[in-house]
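A short write-up of the structure that comes next.
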Amino acid sequence: MAARLRDWHRDSGRHDLPWQRQGPYATWVSEIMLQQTQVAVVIPYYLRFMESFPSVTALAEAPQDQVLAHWAGLGYYARARNLHQAAQQIVSLFDGEIPQSLDSLMTLKGIGRSTAGAIRSLGWGLRGVIQDGNVRRVLARLHAIAGDLQTSSQQHVLWELAEYYTPALGEHAATHTQAMMDLGATVCKRTHPRCSDCPFHADCQAHQQGLTDYLPTPKKVKKRPSVEWFVLGLRDINNRIWCYPQA
DNA sequence: TAAGCGTGGTT
DNA sequence: TAACCAAGCTT
């Protein structure tokens, strides 16, 4: 599976985003900005930020209001405060070098399991596992998993699947991580997925069962006065059946 | 465990 | 056009 994904990525992946192949600092800054924020929105903010704060040290030494000024309009401003604090953590506790271990990365403000995995793989070229919206959607469809993907039981399974599909070789780390996100962003899209272009369409449970339009299931079902409920027999990881409203 | 965080894009 | 969502994390 991983080898097929790499072949797809070589020909059809995104290779020209400004934070790619620029080292762990660029990966870190971009990953924080990209949390719950779309790529096209981030790009101009990212370019201005890196121009003003080109290194961990430069960021750590900058006054906080200057850092926040670069974030104005991006939203989730705690990300900027945490990013600034984490840069100071790196200077004081890690000799100014972004750490490589998952545990060390996760001690830094604003870095959780997924961002730590992204920094390991995309930034350092080490094996790292991520779990963003793209990966969740790809895995939920591949294994036909219905229900709220954020609950702990579903998260547990999704992380195990993400671990399973991630190759052991660090040599392929960055490519695999980028490829999973690119597949979700450009092929396995929430609406109108391009299944015929997907390297996994023959293995995908959702595609095989004609469920791509119903997976992943929406967080909340839109409230409408009268809904004809149509049971599709979608099941979550606990084998609970989920229904979907038909218009 | 669930709520809160922000703005902008898409359906 | 209101709902839903976007490279999640913290408390």
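Convention: sequence-line order gives letters A, B, ...; per-chain numbering from 1.
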Comparing A:H192 and A:S152 on DNA chain B - which has the more 5′ nearest nucleotide =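 Its nucleotide being nearer the 5' end, the pick is A:S152.
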Whole-Å gap separating [atom2] ([N]) and [atom1] ([X]):
| X | N | atom1 | atom2 | answer |
| --- | --- | --- | --- | --- |
| A:Q131 | C:dA6 | CD | P | 13 Å |
| A:E31 | C:dG8 | CD | P | 8 Å |
| A:R137 | C:dC4 | CZ | P | 16 Å |
| A:R113 | C:dT10 | CZ | C1' | 17 Å |
| A:I130 | C:dA7 | CD1 | C1' | 7 Å |
| A:Q154 | B:dT1 | CD | C1' | 15 Å |
| A:I111 | C:dT10 | CD1 | P | 9 Å |
| A:I43 | C:dA6 | CD1 | P | 18 Å |

With salt bridge (charged side-chain N to carboxylate O under 4.0 Å, His left out) as the test, would you mind laying out the steps for A:R10 and A:D7 before giving the verdict?
-> CA-CA 5 Å; A:R10 183 192 58 230; A:D7 288 344; 3.1 Å; yes
Hey, is CG on A:D95 packed in by over 12 heavy atoms from elsewhere, all under 6.0 Å?
->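 Not buried by this count: 12 neighbours or fewer within 6.0 Å.
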Could you tell me whether a side-chain N or O of [X] sits under 3.5 Å from a main-chain N or O of [Y], the two making a donor and an acceptor?
| X | Y | result |
| --- | --- | --- |
| A:Q155 | A:T151 | no |
| A:Y214 | A:G210 | no |
| A:R6 | A:H176 | no |
| A:Q22 | A:G123 | no |

Distance between the [atom1] atoms of [N] and [M], in whole angstroms?
| N | M | atom1 | result |
| --- | --- | --- | --- |
| C:dC5 | C:dT1 | C1' | 15 Å |
| C:dC4 | B:dG6 | P | 22 Å |
| C:dA7 | B:dA3 | P | 23 Å |

Taking all heavy atoms of A:R141 and all of A:L215, pick out the closest pair and write down the distance.
->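 Minimum heavy-atom separation between A:R141 and A:L215: NE-O, 2.8 Å.
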What one-letter contact string describes nucleotides 2-10 of chain B from 5' to 3', where B marks a base within less than 4.0 Å of any protein heavy atom, S marks contact via sugar-phosphate atoms alone, and - marks no contact?
-> ---BBSBS-
Side-chain atoms of residues 45-54 of chain A: list all donor-acceptor pairs with protein atoms under 3.5 Å, sequence neighbours left out, distances to 0.1 Å.
unit_1	atom_1	unit_2	atom_2	d
A:Y45	OH	A:A72	O	3.2
A:S52	OG	A:R48	O	3.4
A:S52	OG	A:H70	NE2	2.7

Scan A:Q178 against the nucleic acid and name what it touches under 4.0 Å (heavy atoms): base, sugar-phosphate only, or nothing.
->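 Result for A:Q178 = base.
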Select base, sugar-phosphate, or nothing to describe what A:S30 touches, counting heavy atoms under 4.0 Å on all strands.
->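 The residue A:S30 makes no contact with any strand.
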Side-chain N,O (A:S114) to OP1/OP2 (C:dA7) below 4.0 Å =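 Looking at the OP1 and OP2 atoms of C:dA7, neither is under 4.0 Å from any side-chain N or O of A:S114.
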Run through A:Q35, A:E31, A:R120 and flag the one making a side chain to side chain donor-acceptor pair (under 3.5 Å) with A:T115.
->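 The option that passes is A:Q35.
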If the plane angle is over 60° it's perpendicular, under 30° parallel, otherwise tilted; pick one for A:H201 and A:H207.
->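 Judged by the thresholds at 30° and 60°, the geometry between A:H201 and A:H207 is perpendicular.
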DNA chain C contacts among residues 4-19 of chain A, heavy-atom distance under 4.0 Å =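 Those residues are A:R14, A:L17, A:W19.
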